[in-house]
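Computed from a prediction, not measured in an experiment: that's the story for all the values here. The sequence lines fix the lettering, A, B, ..., with proteins before strands; numbering per chain opens at 1.
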Amino acid sequence: MKISIQINEGPYQHQASDTAYQFAKAAIEKGHEIFRVFFYHDGVNNASRFTLPPQDDRNIVNQWAELGIKNADGEPELVVCIAAALRRGMLDESEASKNGIDGNNIHPAFRISGLGQLIEAGIQSDRLVVFGD
Amino acid sequence: MKISIQINEGPYQHQASDTAYQFAKAAIEKGHEIFRVFFYHDGVNNASRFTLPPQDDRNIVNQWAELGIKNADGEPELVVCIAAALRRGMLDESEASKNGIDGNNIHPAFRISGLGQLIEAGIQSDRLVVFGD
Amino acid sequence: MLHTVNKSSFERNSLKSCLNIIDDTSVILLIEDGVISAAKNTNAPMIADLAAQGRVYALQGDVEARGISSKLADNIKLVDYAGFVDLVVEHGTAVSWV
Amino acid sequence: MLHTVNKSSFERNSLKSCLNIIDDTSVILLIEDGVISAAKNTNAPMIADLAAQGRVYALQGDVEARGISSKLADNIKLVDYAGFVDLVVEHGTAVSWV
Amino acid sequence: MTTKKFMYLNRRSSFGTVYAIESLEVVLIAAAFEQDVSLAFIDDGVYQIVEGQNADGIGMKNFSKTFHALGDYEINKLYVSAESLEQRGLSSNDLMPLVYEDEDDDWAEKPSVKVVSNAQLSKIMSEQDVCLSF
Amino acid sequence: MTTKKFMYLNRRSSFGTVYAIESLEVVLIAAAFEQDVSLAFIDDGVYQIVEGQNADGIGMKNFSKTFHALGDYEINKLYVSAESLEQRGLSSNDLMPLVYEDEDDDWAEKPSVKVVSNAQLSKIMSEQDVCLSF
């Protein structure tokens with residue numbers, strides 16, 4: 001089955017991203033396709049390549065990156081909502097340079113895009129599961 | 001009076017930072033001293049200089065920065081918990097270079113420090129008020 | 001003491017928990033979604049006695065933002081942010097039921 | 001449908017809201033702090049009937065993390081993450097009471 | 001394009017968290033996809049469409065007027081839980097008068113908001129293909 | 001240095017949010033400041049010190065054992081709401097056997113956890129100078 005996921009919360013503060021990751025991993029192991037993971041609200045903070053958790057703790061961003069969720073064209077399907085991201089200081093190279101910010105922090109396994117990608121995930125997938133606070 | 005503030009949540013997702021800001025502003029206007037604002041948990045995300053809210057919305061990071069809360073030595077007293085910050089990808093120049101990350105995102109009106117600064121704020125201040133989810 | 005409650009008593013248990021612990025001299029300030037508990041509704045009895053004693057405050061900006069200015073329960077005292085600061089100064093230790 | 005509830009019924013109203021709306025054929029999966037409602041406690045009656053019908057699941061990892069494995073209420077079915085995926089596949093539209 | 005039934009589940013008030021405004025942003029985008037869209041307001045979510053919200057005093061953006069735009073995008077199924085309203089001492093008179101023009105009825109102006117029982121909401125929810133929770 | 005009475009108010013369980021572990025991190029740091037430290041466990045906060053937590057299945061770090069270190073830092077006032085325990089079908093036997101060595105009593109090992117009524121908690125709370133909520 002094609003399954004998509006919406007994540008409303010950032011890493012560490014709430015269990016939402018952890019649960020969603022375990023769910024996604026289990027779905028892939030069972031042979032399902034994760035069509036898209038859409039990071040919305042504080043969920044956009046899961047895409048930060050700056051995170052440095054303690055050595056003895058999980059690295060939530062890397063866990064997501066290592067799942068390697070991509071589409072047929074090889075594009076990442078870990079999608080970060082652009083409006084929510086800009087509001088919270090999550091920038092890719094293009095948004096940073098467009099806005100004159102001298103840095104960017106989106107992990108390359110994620111991509112920034114619009115809210116339409118969430119609706120599209122709902123249309124294209126057999127199931128959409130929301131994780132939040 | 002000397003008043004300190006602890007903020008447990010990031011900008012935009014919860015009202016905590018907005019309320020804390022309005023409270024701090026009112027306290028200063030009434031002649032009180034804001035001894036320190038300690039940003040803990042997701043509160044560390046209030047310190048991102050990358051945030052780009054929509055034109056018609058408030059810029060929470062800049063609002064805090066403009067309050068200009070500093071100590072007698074001119075150091076910022078908007079203090080970001082280092083452990084919580086690293087976990088969530090909030091880095092200053094020093095932490096970034098120490099950890100081999102090619103960028104940093106802490107606004108210069110804030111500084112990173114340890115949890116002892118929260119305890120110290122509790123000791124040194126007449127009041128400590130917590131804002132959270 | 002000053003107890004602040006920032007969530008609706010319909011959504012969370014924080015007001016109830018605060019009321020379980022609050023002593024006879026402390027006051028409550030409802031802020032953010034906590035002001036929903038200041039409206040005339042089925043949860044209003046929770047704070048009616050305290051309010052009658054003049055010990056329940058609500059943040060005016062939050063009340064107006066939620067469109068409940070005309071529906072406040074009896075004896076709720078409205079304060080602005082400056083009034084919030086005064087409550088913190090006057091009532092000693094502040095306890096946040098976040 | 002599959003309804004997921006991720007918060008304790010002592011802290012929030014989400015389980016109660018879910019129970020107000022759930023239809024006769026849907027099932028509930030308790031996850032994260034939602035599993036607290038799967039323990040034998042004063043809130044257990046809320047889901048006792050549904051559980052007796054075999055319609056209440058709880059995520060095993062979350063149950064173990066909260067130290068309540070030996071205190072589960074009757075008729076709660078434990079699933080792992082693979083079981084969570086199966087529930088999503090089998091029960092159609094998923095509704096999260098976040 | 002496939003047409004699916006999307007429900008947007010709103011259970012929180014307007015300003016305490018960002019969910020209300022960011023939910024509305026999704027709904028506005030959703031309009032472009034020509035799907036069947038319903039909004040459900042349950043629990044404190046009913047406060048999102050209460051008339052007379054004024055955010056001046058808290059320094060936040062008042063987005064509640066944006067709900068009036070939904071009718072223009074043919075989003076006209078806003079279901080409000082009667083039980084949630086009642087618990088909160090509210091009635092349909094306290095809600096914003098949101099309307100749409102019905103193209104099947106000579107563009108007559110009709111109310112978008114329907115106050116329904118939890119039992120009715122249950123039935124409406126069970127007909128959905130996708131439920132987005134905020 | 002001034003000595004003040006600090007209370008750490010814990011109302012959430014261990015893993016659903018980060019508050020529990022990050023609260024414990026503050027408490028450990030606080031030990032170095034030689035203040036009077038109390039911890040209150042109310043509502044679902046009581047689950048933080050329940051015996052037998054096992055986080056292997058959720059991929060998170062199990063920090064509950066760290067509570068055993070508190071005694072070594074002379075943090076030995078852990079107040080647990082009796083009403084909160086009872087509502088949750090728990091008793092003091094379900095809690096971790098946290099202890100400290102009492103230097104005023106020939107280093108005798110004593111329990112750090114005290115189950116108290118809400119009325120007693122109210123009194124303890126009213127004696128505090130600072131209350132940090134998590």
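- For the pair F:R88 and D:F10, the cation-pi test (distance below 6.0 Å, angle within 45°) is passed.
- Atom CD1 in F:I58 sits 9.0 Å away from atom CD in D:E32 (nearest 0.5 Å).
- Proximity to chain F (any heavy atom under 4.5 Å) is shown, for D:L59, by neither the backbone nor the side chain.
- None of D:V35, D:I68, D:I36 except one satisfies the side-chain contact (heavy atoms from CB on, under 4.5 Å) rule with F:S13; the exception is D:I36.
- Most heavy-atom pairs under 4.5 Å with chain D: of the set F:D43, F:D94, F:L90, this distinction falls to F:D94.
- If you measure heavy-atom distances from F:D56 to chain D, you find no contacts under 4.5 Å at all.
- For the atom pair CZ (F:F15) and CG (D:D62), the distance works out to 9.5 Å, reported to the nearest 0.5 Å.
- Within a 6.0 Å sphere centred on NZ of F:K61, heavy atoms belonging to other residues, nucleotides or ligands number more than 12.
- For the atom pair OG of D:S69 and CG of F:N54, the computed distance is 7.5 Å after rounding to the nearest 0.5 Å.
- Atoms CG and CD, on F:N62 and D:E64 in that order, are 11.5 Å from each other to the nearest 0.5 Å.
- Nearest heavy-atom pair across D:T42 and F:E86 is CG2-O, 4.4 Å.
- Within a 6.0 Å radius of NZ in D:K16, no more than 12 heavy atoms belonging to other residues, nucleotides or ligands are found.
- A pairwise comparison of heavy atoms in F:Q87 and D:N41 identifies O-CB, 3.3 Å as the closest pair.
- In this structure, the portion of D:K40 lying under 4.5 Å from any heavy atom of chain F is its backbone and not its side chain.
- Heavy atoms from other residues, nucleotides or ligands lying under 6.0 Å from CD of D:E90 number more than 12.
- The most heavy-atom pairs under 4.5 Å with chain F, out of D:G67, D:S70, D:A65, come from D:A65.
- Classification of D:D33 and F:R12 as a salt-bridged pair fails, no side-chain N sitting under 4.0 Å from a carboxylate O.
- For D:E11, the parts lying under 4.5 angstrom from a heavy atom of chain F are both the backbone and the side chain.
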